2 protein chains.
Amino acid sequence: MAEGRSPFRRPPTMRDVSRLAGVSPMTVSRTLADPGLVSQETRARVLAAVAQLGYVPDRGAGGLSSRRTGFVALIVPTLTNPNFADTAAGLTQAMRPRGYQPLIGVTGYSVSEEEVVVRAMLSRRPDAIVVSGMQHSPATRDLLARAGVPVVEIWDRPKAPVDRAVGFSNYEVGRLAARTLIGLGATRIAGLGPERTGDVRDFRGEERLRGLRDGLGQAGLPDDRILHHGRAAGAFAHGAEAMAELLRRGGAEAVFLVSDISAFGALMECRRRGVQVPEDVQILGFGDIEIGRQCVPRLSTIAVDATEIGHRTGRLLLGLLDGEADLPNAIDLGFRLVLRDSTAPR
Amino acid sequence: MAEGRSPFRRPPTMRDVSRLAGVSPMTVSRTLADPGLVSQETRARVLAAVAQLGYVPDRGAGGLSSRRTGFVALIVPTLTNPNFADTAAGLTQAMRPRGYQPLIGVTGYSVSEEEVVVRAMLSRRPDAIVVSGMQHSPATRDLLARAGVPVVEIWDRPKAPVDRAVGFSNYEVGRLAARTLIGLGATRIAGLGPERTGDVRDFRGEERLRGLRDGLGQAGLPDDRILHHGRAAGAFAHGAEAMAELLRRGGAEAVFLVSDISAFGALMECRRRGVQVPEDVQILGFGDIEIGRQCVPRLSTIAVDATEIGHRTGRLLLGLLDGEADLPNAIDLGFRLVLRDSTAPR
DNA sequence: GCTTGCGTTGGTATCGGTACCATGGTTCCC
DNA sequence: GGGAACCATGGTACCGATACCAACGCAAGC
């Protein structure tokens, strides 16, 4: 009764700890931040008081004072795509041991939503910002540039980065796809990506298809089978729908899909219709997600190491935040062709 | 030059806005928090100043003062499993429009890591905590109970919840799996889950297998084909490895796997070995992830609505945070059997 | 005309930490 | 033996917002 609304007592503060340990709050702060600064004996007393009270420091208050929040904003189109989930995991793995907490924002591939999310992130004063892609609204670009903290654009290779970049060229991925499928003997080559519905666009996927188109053009092949069809990227159903549409239009000897997720959907659609892969149609995906390695036939793909993008971004940021000099402005992690069972020379 | 380390100027504060608009900081605060409290004319001037300066409020400072941070901690085993990614999306969708920011922590199915993550979350003073499962270390349970904010345990149905719960009974999922496979005419029934390596355990998966075992026992069937084999849950390879092991041991007529991810891996392993599904072996999964709907044959599964778990949790929390009374302590969302093509009566 | 009350605005204290500077006590060394 | 150098600790002023209360002007009410 006396305690009132029972579970809602307030957590102990540093002041409480300091009183119990018989020292000043500053000494508690030092004990926790840099134990080497206090004497062995004092440290023991403080830590005992911390344990007894179950004290957990308030990093919000600490951040206000020190101007370092320990947040790293990570803005991705979706977490449902394992590529981005892996990048998030890689970044977390690299930065959490050093006390940084990722703050994840999801845009759903929408440019306007990205702006909203960036604003929400900025209100938390992150120590660094990681954002997918290089295509932003002017307002978003401005927000990022003025944020006053390191900004890393990932999963792309911007010509004019806001600040830093870690990724690869999506356009060159598309060109490699063209060369690869041509090299495998195909001449009727298709490219499948999602529809653009207003503000919702997969810019990087479009860039890969642009590379494919140019690659085909340079080889003197027609690019009339490049389709933007079906719902937004990141859903298996997209690939199935797009492949169905392609077959309706006469099919192709080889198909490049903007993501392995779609490629898997396409593969299954072929199976449902009795279209043999790779005999009747070859399928090449992008991203190298685990499903592609497990499914039958295994998916040929242009692989990027999503986890490594997270790692490298994390290490770059740690260097930047430690004030190291001579850190690269852009890291190109490249990509590599992995031919498995959904393609075969003919 | 004069500007110094150029991009690192400090963002404008409410004080800057107030000076530009010719009002007090309090009026700026009110304009942003509850515009109805200021006159039309003042509001216009303040908003103009906000826009001109590109002011973004510091919610860390605001939280310190108001004791409401706007954070909701969400602690999950992994984001790579689409089930949890969907729950995260559902929770975000429900709470972000009201200004709450999810703070995602990933435990990797480790009990000790969960404690570390909970502590990290608590240091951000979230307004609410959402945590997967009901099995925690005593220290974690204590931290949660003393946090002084609403706690929701999800994806389970705890007998003694820390506070609230939104989920379903994993044990009953297992029993339904047993009844289902028996009803389809199988007598040699297997259950496959991951190994427990020390501190890393999938408690909910184990619970589903326990339900299966009891279900088999009650029907007088042997439970000697319940295997814990292969790497941790959440990887497709797990299902493939476990299925390979099962086949090595003589196989089964029907198999229940603790997750659709594993079930898909198992399905592909069968394909590689020329084992026909469902003719030679029936496969039943759990979770109803999209791959299972797209693959061939389509996966039979016991479905739960992961997104809805996030939604309902979000709505419950909004009610709790608004101080509504008469909110349920536990919400059981249940599950349902979805028979597709990987099972068939024999 | 003076009180009452509302709508609008401002002042001050405070949230829980950390930066920065000051202090007292030792040790070291020429 | 006296001062520099250092170690361990404390005091004070913030960080950037909001809660709370006071005060102002003006209209309504008696």
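Residue numbering restarts at 1 for every chain, and letters A, B, ... go by the order of the sequence lines. Note that this is a predicted model, so its numbers are computed, not measured.
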- [ ] Grab the CZ-P distance between R15(B) and dG11(C) for me, whole Å please.
- [x] 9 Å
Task: 5′-ward residue of the pair S39(B)/T13(A) relative to DNA chain C - done: S39(B)
- [ ] Measure from the side-chain heavy atoms of T42(A) and tell me the nearest of dT9(D), dG17(C), dT9(C).
- [x] dT9(D)
Task: Identified salt bridge (Lys or Arg N to Asp or Glu O under 4.0 Å) counterpart of D322(A) within the set R315(A), R68(A), R98(A) - done: R98(A)
Open item on the list: Once hydrogens and angles are ignored, does a donor-acceptor distance under 3.5 Å link the base of dG17(C) to the side chain of S65(A)?
Closed with: yes
Task: Candidate nucleotides dG10(D), dA17(D), dG17(C), ranked by approach to the side chain of M14(A) - the nearest - done: dG17(C)
- [ ] Could you please name the option among dT18(D), dT9(C), dC15(D) that lies closest to any side-chain atom of R67(A)?
- [x] dC15(D)
Open item on the list: Counting only side-chain nitrogens and oxygens, does Y55(A) get under 4.0 Å of the OP1 or OP2 atom of dG17(C)?
Closed with: yes
TODO: Figure out the CZ/C1' separation between R125(A) and dG17(C), and round it to whole Å.
DONE: 18 Å
Open item on the list: Measuring only between side-chain heavy atoms, which start at C-beta, is P126(B) closer than 4.5 Å to V72(B)?
Closed with: no
Open item on the list: Which is more 5' along DNA chain C, the nucleotide nearest A33(A) or the one nearest A61(B)? Just name the residue.
Closed with: A61(B)
Task: Distance-only donor-acceptor test, S66(B) side-chain atoms vs dT18(D) base atoms, 3.5 Å - done: no
TODO: Decide yes or no, distance alone: a donor-acceptor N/O pair under 3.5 angstrom between the base of dG10(C) and the side-chain of R30(B).
DONE: yes
TODO: Using a cut-off of 6.0 Å, state whether more than 12 heavy atoms not belonging to E324(B) lie near its atom CD.
DONE: yes
Task: Among dT18(C), dG10(D), dA17(D), the nucleotide that comes nearest once only the side chain of S29(A) is considered - done: dT18(C)
Task: cation_pi(R124(A), F71(B)) dist<6.0 Å, angle<=45 - done: yes
TODO: For R43(A), report the nucleic acid contact type (base, sugar-phosphate, nothing); a contact means any heavy atom under 4.0 Å.
DONE: nothing
Open item on the list: Tell me whether the NZ or CZ atom of R204(A) lies within the 45° cone about the ring axis of Y109(A) and under 6.0 Å from its centre.
Closed with: no
- [ ] Please determine, for the side chain of M26(B), which listed nucleotide (dG10(D), dT12(C), dG16(C)) has the closest atom?
- [x] dT12(C)
Task: Atom-to-atom span, CD of E41(A) to P of dT9(D) - whole angstrom - done: 8 Å
Task: Nearest-angstrom distance from the residue atom CZ of R68(A) to P of dT18(C) - done: 9 Å
Task: Minimum side-chain heavy-atom gap R164(B)-V151(B) below 4.5 Å - done: no
Task: Minimum-distance nucleotide (side-chain atoms of L64(B) versus dA17(D), dG17(C), dG16(D)) - done: dG16(D)
TODO: Report the distance from atom CG of D58(A) to atom P of dA17(D), rounded to the nearest whole Å.
DONE: 17 Å
- [ ] Can you tell me the distance, in whole Å, between the CG atom of L37(A) and the C1' atom of dC6(D)?
- [x] 13 Å
Task: Atom pair distance, as rounded to whole Å: CZ in R124(A) and P in dA17(D) - done: 13 Å
Open item on the list: Using whole Å, what does the distance between atom C1' of nucleotide dG16(D) and atom CG of L122(A) come to?
Closed with: 16 Å
